[in-house]
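Contents: one structure, followed by commentary.
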There are 4 protein chains.
Amino acid sequence: MGSTPQARRSDTRERIQKTALDLFVSRGYEKTSLREIAEELGVTKAALYYHFKTKEDILSAISRDLGRPVDELIAWAEEQPPTMETKRELLRRYSAALASAMPIYHILQENQATLRDLAVGRELSDRVTAISRLMHAGDLEFDCRMRVASAVLTVHFGAFAPCGAAVGTVEQRRAALLDVALATLSGAPAPTMSPDPA
Amino acid sequence: MGSTPQARRSDTRERIQKTALDLFVSRGYEKTSLREIAEELGVTKAALYYHFKTKEDILSAISRDLGRPVDELIAWAEEQPPTMETKRELLRRYSAALASAMPIYHILQENQATLRDLAVGRELSDRVTAISRLMHAGDLEFDCRMRVASAVLTVHFGAFAPCGAAVGTVEQRRAALLDVALATLSGAPAPTMSPDPA
Amino acid sequence: MGSTPQARRSDTRERIQKTALDLFVSRGYEKTSLREIAEELGVTKAALYYHFKTKEDILSAISRDLGRPVDELIAWAEEQPPTMETKRELLRRYSAALASAMPIYHILQENQATLRDLAVGRELSDRVTAISRLMHAGDLEFDCRMRVASAVLTVHFGAFAPCGAAVGTVEQRRAALLDVALATLSGAPAPTMSPDPA
Amino acid sequence: MGSTPQARRSDTRERIQKTALDLFVSRGYEKTSLREIAEELGVTKAALYYHFKTKEDILSAISRDLGRPVDELIAWAEEQPPTMETKRELLRRYSAALASAMPIYHILQENQATLRDLAVGRELSDRVTAISRLMHAGDLEFDCRMRVASAVLTVHFGAFAPCGAAVGTVEQRRAALLDVALATLSGAPAPTMSPDPA
DNA sequence: AATGAATGAGGCTTCATTCAT
DNA sequence: GATGAATGAAGCCTCATTCAT
């Protein structure tokens, strides 16, 4: 009994996922070779193939794991009426979900050309598309659609890159961008900006 | 006026750039091999090396050519005072410049992981960064910065992807998103949206 | 009598042989991996290694089992005088034996290059060689040897492939080819064929 | 002028084919790796890929080159009337053609399982099938078909293996087997064999 | 201005096999 | 009687690049 309470049956699979994720994020999917992953882990390439059928499969597993929150969010939104309030809530939750699922989106973001013709690429971009579709649901006028688009772009891409220099914490920026997006969404201004103090 | 003395020398260099651009856009930088470019053009790989030192060099030349408008925009903005009006104008011009320089930004966008450690990658992303820096110039408050960020994200990323379903023409969408961004920038809402009759 | 004490112990070994045989026949020895065999059977590769020392060992066991009739035939022929009648009978019996042992000969036939340097390869081809040797036994003249050779080739290779289009049943073809071979053997023609009315 | 009169443009392609043929014959197609071929030739694997698109392509080129005589024979036979005399002549020519094209047939013969699902495999076996089809052309009776089959088997497979021990030269054996096959074909006995001198 | 030939490095994947449990 | 995990060797192939001509 004692010792590790959890099953003693090798945590290698998870270690592979973790290491692969790190490398995919830092060096890119295509540029990360299985050799690197294996070496970093201290196992052989063949060991990776014991746990995953292909390189793509590794990313796929990661995508499934990290993408779950967003998937659940989509499932939730699909059962709500396409009202303004739903969309505001969706945007809020999406912003939050992104914060934790960031790594995969980062990968999708930076490796689009490569992932485009991989099944896992669709898995990933389908999620983004779904959110966008839900935000645009209903019979909106053109101007309104553009505000929705802006809001989505702000929340989604605001999650990456240190946009606007490094002011505040990551979390503070996220919250603030969400506010701006919400304001844009409803057509109301966010906290005003002095007309031109410069 | 006759032909410019320099011209009529061989358009191969330009044909290479054009073909390479097409392929980089449609298949990605890394996934496009020099063999493909050469085959598509009906020349040998070695011919490419006669005109360009490396693969990266091809992209670099493309970047220089297509990026000129944005470079000029940056140069212009750097000589303006960092006023609100400058930024509004900068945003307008950037939106317009993007429309024509789109292909390279598309490439940067979809191949970030690969370009990250290439000199040409910096060339490309420096331009984006410069715009962002100029937009954030001056002593702005936090909230204001976030609005700037949202505006930039909207204009920049709105240029890619058919965000918000295919309503209107590309040009109409661009103009509309620019309006939304400008409104966000000044803290005023764009044309309002009904508060939610549902 | 009850069940033989040895029996009822686990039929896995036999199931492995059967599955392996099927796959070796349909996909070839080299191209059939232990993984495939294991998967088809619903066990692990390691299980195969519990029952057999190596991949070759599996084929070896199959060869032993299915080759027994031919081995017995060889043993029988080795105790007969090398008369014409013996050879005629040998040919008849070989034709019959082949019909039932076909699968392994099929494997030998189609995987010669691979089996050549395996012990089991010799086991298999030795049987063929032995038959041939026995058919050629004695002090035959050159012309006669060639007729023997033709007869053996006809019976042996006639057992594979749908030679001569699909006329008659497999069994009918076998019997007919045996007749032709026997006729060739004794230098007498089989039922005549019109001299060419065209 | 002087030096080699032939184009000085690298004979590597042909050297590859020659070396590959040797190895495919002696070690088998599957068991011959591109590394081996390259090493034997003193070039890199990549050099092979400069001259041939794939491993299969190498065999394909060999097949095309060595198979030409048989292809021509088939073309010839297809324009003859399907008379007995045509078939006798076809058998004669096939026997001769085989003598020179032997290596590829040897490869087909010994690597069937591997070649089965390769395009080049069909190329190869189609030739054999075509000969067989032509030999069986017309409205033959069952018995006759079986004699045809025996004749074809004798000539085709007699070309391989030292059937009947090493008596006479290869050429003598070929001629003799052809005679036996021709005799079988027409239903007449070949030079008789004493009824049983043993 | 361009080609033909070749290279070295490295990519992903599969295989037969082993061994502790 | 069998499994889960792992390995080492090797396979085919592709790529960016070079260089003599």
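A, B, ... follow the sequence lines: proteins, then strands. Residue 1 opens every chain.
Taking atom CD1 on C:Ile16 and atom P on F:dG1, their separation rounds to 12 Å, with Å as the unit. In this structure, CG of D:Asp11 is placed 10 Å from P of E:dA5, rounded to the nearest angstrom. Rounded to an integer number of Å, the gap from D:Asp57 CG to F:dC12 C1' is 14 Å. For the pair C:Glu56 CD and E:dC15 P, the computed distance is 18 Å after rounding to whole Å.
Under the Watson-Crick or G-U wobble criterion, with both distances below 3.5 Å, E:dC15 is paired with F:dG8. In a base pair of the Watson-Crick type (N1 to N3 plus N6-O4 or O6-N4) or a G-U wobble (N1-O2 and O6-N3), with each distance short of 3.5 Å, F:dA20 is matched with E:dT3.
The stretch residues 14-30 of chain A participates, sequence neighbours left out, in these salt bridge (charged side-chain N to carboxylate O under 4.0 Å, His left out) pairs: A:Arg27-A:Glu36.
For F:dA6, the OP1/OP2 oxygens have a side-chain nitrogen or oxygen of A:Thr12 closer than 4.0 Å.
The nearest heavy atom of DNA chain E to D:Arg15 and to C:Lys53 marks one nucleotide each, and the one closer to the 5' end goes with D:Arg15.
Applying a 4.0 Å cut-off to non-hydrogen atoms, the residues of residues 27-52 of chain B that approach DNA chain E are B:Val43, B:Thr44, B:Lys45, B:Ala46, B:Ala47, B:Tyr50, B:His51, listed by residue number. Only at 4.0 angstrom or more do the heavy atoms of residues 17-26 of chain C sit from any atom of DNA chain F, so none qualifies.
A side-chain donor-acceptor contact under 3.5 Å links C:Ser125 to the backbone of C:Gly121. Using modelled atom types, no side-chain atom of B:Gln112 and backbone atom of A:Gln109 make a donor-acceptor pair closer than 3.5 Å. Of the possible polar contacts, none joining the B:Ser63 side chain to the B:Leu59 backbone as a donor-acceptor pair under 3.5 Å is found.
Here the NZ-OG distance, from C:Lys45 to C:Ser33, works out to 8.0 Å after rounding to the nearest 0.5 Å. Taking CG from B:Leu115 and CD from A:Glu110, the interatomic distance works out to 10.0 Å, rounded to the nearest 0.5 Å. Expressed to the nearest 0.5 Å, how far CG of A:Leu118 lies from OG1 of A:Thr54 amounts to 8.0 Å. Atom CZ of C:Arg116 is separated from atom NZ of D:Lys31 by 8.5 Å, given to the nearest 0.5 angstrom. One distance of note links CD of A:Glu123 with CG of A:Leu108; it measures 11.5 Å at 0.5 Å rounding.
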